[in-house]
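Here the structure is a predicted model, which is why all the values come from computation and not from measurement.
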Amino acid sequence: EIPLKYGANRLGKRSDAAMKKFRDNRLGAFIHWGLYAIPGGEWNGKMYNGAAEWLKSWAKVPADEWLRLMDQWNPEKFNAKVWAKMARKMGVKYVKITTKHHEGFCLWPSKYSNYTVAQTPYKKDILGELVKAYNDEGIDVHFYFSVMDWSHPDYRYDIKSKDDEVAFARFLEFTDNQLKELATRYPTVKDFWFDGTWDASIKKNGWWTAHAEQMLKDLLPGVTINSRLRADDYGKRHFDSNGHLMGDYESGYERRLPDPVKDLKVTRWDWEACMTLPENQWGYHKDWSLSYVKTPLEVLERIVHAVSMGGNMVVNFGPQADGDFRREEKEMADAIGKWMQQYGECIYGCDYAGWDKQPWGYYTHKGKEVYMIVFNPPYSKHLVVKTPKGTKILKATVTNGKEVAVTETARNEYNVDMPAKAPEGPFVIKLQIEENV
Ligand SMILES: C#C[C@@H]1N[C@@H](C)[C@@H](O)[C@H]1O
């Protein structure tokens, strides 16, 4: 192996309680909320169909002009308790909040920046209100933090001169200060999800990424850190130059998922995917007609797909500037919540089953049980199941406890009958199994 000073600190999955909780949570929500919610994708009368939180970039708005949006930041409908109840009803076990996105506006009153909620008409600590409200509902809070900061004069996309080096060193110190501030002000935070780490300036400072991870772990024992923060001695990201995962879980699956047959390598490590409802809108965009918007069924399938491969799924919400959510997002949260209420046991605490993928849907596994989550019921009314060598199916029940017939058709092959009255929409059959027979 290539000797590395800033490569992976650990081989294999973390096995401590904090990581187990991260893993068992399985379903999270993303909150992308910042100044970008005010223009909602429109600038000087022109609508941009790129991601709304990148509008400053699409419309080439100078930082000082963009940050003047702070004068309008006063979400009069914002109620952290209402947001937390919506998350609980959706069945998410954690929420990732954008503490600071690329624009540099901080949802907390950072003493290291003039671009924070404290300098807006709203004044109050939004992040603090949200952390308390979610925690009071038993929901873990994770912090999204963008290293790239378009508001900061010392940010550099690349390091091409001594001046760049000196400025970027100041920037990294500023970033350390903000991270320490977040960790000490909000000690119940469970995870840092870093973004905006793809520039050459970060790749050339792999040492800092390892330092930032260690600094947070010293301040918050058990905290989890995503792979996207990390760059090794040679600028390799997520996986170091020896192919080992850096950070505690892979975070490369943004708006995409590993193939359930060809990409089974992901089951060897922890990973978390995140997704948007439109094709690519994280922050609030006024006009969702500009791209396809996923149905609850399509969102559900992505959640189940991720868990079936041993990953977590985070579904994104982009609150309006007034602090309320758009109708489509409220309806989505409601629809997912109804399904999770009925079938959540096949998601929470579940993992990759290691059984061959079948066309009718997905498997998840917990203890002595394997769950079949059926999205595509076959005309044959039989669900073909192939178990690994040495594994037998003892019994199959639908969630209301009713048994369905299981017929062995060959060694390690079974037909599991569809329930006589198949429920509307994706449903779950629970298999009692016996292994090493
Ligand atoms: C690119 C990019 C960013 N990564 C996603 C999680 C959003 O924050 C988007 O703006």
Side-chain angles (χ1 to χ4, degrees), residues 14 16-34 53 80 83-84 86-88 90-102 106-108 125-147 175 178-197 209 212-213 215-217 219-230 238 246-255 270-276 282-283 303 306-307 311-319 333 347-348:
R14 266 177 57 174
D16 58 287
M19 191 71 213
K20 187 174 178 331
K21 180 69 168 58
F22 174 98
R23 191 181 297 129
D24 288 351
N25 282 348
R26 285 304 185 213
L27 176 60
F30 232 137
I31 293 283
H32 271 76
W33 204 30
E53 71 285 355
W83 286 29
M86 179 174 154
R88 184 174 46 74
M90 180 177 165
V92 300
K93 297 292 185 187
Y94 65 102
V95 176
K96 303 184 101 97
I97 309 168
T98 50
T99 59
K100 178 179 83 169
H101 204 262
H102 313 328
C106 305
L107 287 186
W108 84 100
D125 175 5
I126 283 182
L127 188 62
E129 290 182 73
L130 283 171
V131 169
K132 177 166 179 6
Y134 285 127
N135 285 173
D136 286 352
E137 289 287 350
I139 294 171
D140 288 343
V141 170
H142 294 191
F143 284 167
Y144 165 108
F145 184 90
S146 175
V147 177
T175 305
Q178 285 205 316
L179 291 173
K180 280 186 276 195
E181 192 176 43
L182 285 168
T184 45
R185 284 178 62 92
Y186 313 105
T188 62
V189 66
K190 298 293 180 227
D191 172 87
F192 280 77
W193 198 94
F194 286 91
D195 199 7
T197 52
T209 70
E213 174 173 351
M215 176 180 77
L216 288 169
K217 291 190 169 182
L219 285 168
L220 297 166
V223 76
T224 47
I225 307 284
N226 69 330
S227 62
R228 194 176 291 205
L229 164 65
R230 299 293 303 278
H238 294 273
M246 298 184 279
D248 297 310
Y249 59 95
E250 193 202 343
S251 55
Y253 287 102
E254 177 178 317
R255 297 189 305 113
D270 283 304
W271 60 281
E272 177 194 72
C274 53
M275 62 172 290
T276 51
W282 299 87
I303 294 167
V307 178
N312 287 19
M313 175 55 86
V314 183
V315 180
N316 184 71
F317 292 80
I347 298 292
Y348 304 126

TODO: Determine the interplanar angle of the Tyr144 and Trp193 rings, folded into 0 to 90°, and report it as parallel if under 30°, tilted if 30 to 60°, perpendicular if over 60°.
DONE: parallel
With sequence neighbours left out, write down each residue that passes salt bridge (Lys or Arg N to Asp or Glu O under 4.0 Å) with [X], or none if nothing qualifies.
{"X": "Arg228", "answer": "Asp195, Glu254"}
{"X": "Lys180", "answer": "none"}
{"X": "Glu137", "answer": "Lys85, Arg88"}
{"X": "Arg14", "answer": "Asp16, Asp248"}

TODO: State which residues pass side chain to side chain donor-acceptor pair (under 3.5 Å) with Tyr253; sequence neighbours excluded, sorted by chain then number.
DONE: none
- [ ] Just jot down the side chain to side chain donor-acceptor pair (under 3.5 Å) partners of Glu250, sequence neighbours excluded, or say none.
- [x] Trp269
TODO: State whether the number of non-hydrogen atoms from other residues, nucleotides or ligands found under 6.0 Å of Lys217 atom NZ is greater than 12.
DONE: yes
Task: Cation-pi, Tyr94 ring and Lys190 (6.0 angstrom, 45 degrees) - done: no
- [ ] Would you confirm whether Asn312, through its side chain, and Gly28, through its main-chain N or O, come within 3.5 Å as a donor-acceptor pair?
- [x] no
Open item on the list: Checking the side chain of Ser146 only, and the main-chain atoms of Lys100 only, is there a donor and an acceptor separated by less than 3.5 Å?
Closed with: no
Open item on the list: If the test is ring-ring contact (aromatic ring centres under 6.0 Å, His included), which one of Tyr134, Phe192, Phe143 qualifies with Tyr186?
Closed with: Phe143
Open item on the list: What verdict does the side-chain contact (heavy atoms from CB on, under 4.5 Å) test give for Phe145 and Thr175, after you've listed the backbone C-alpha separation in whole Å, the side-chain angles of each residue and the deciding distance to 0.1 Å?
Closed with: CA-CA 10 Å; Phe145 184 90; Thr175 305; 3.7 Å; yes
Task: Non-hydrogen atoms of Trp33 and Pro319 that approach each other most closely - done: CD1-O, 3.4 Å
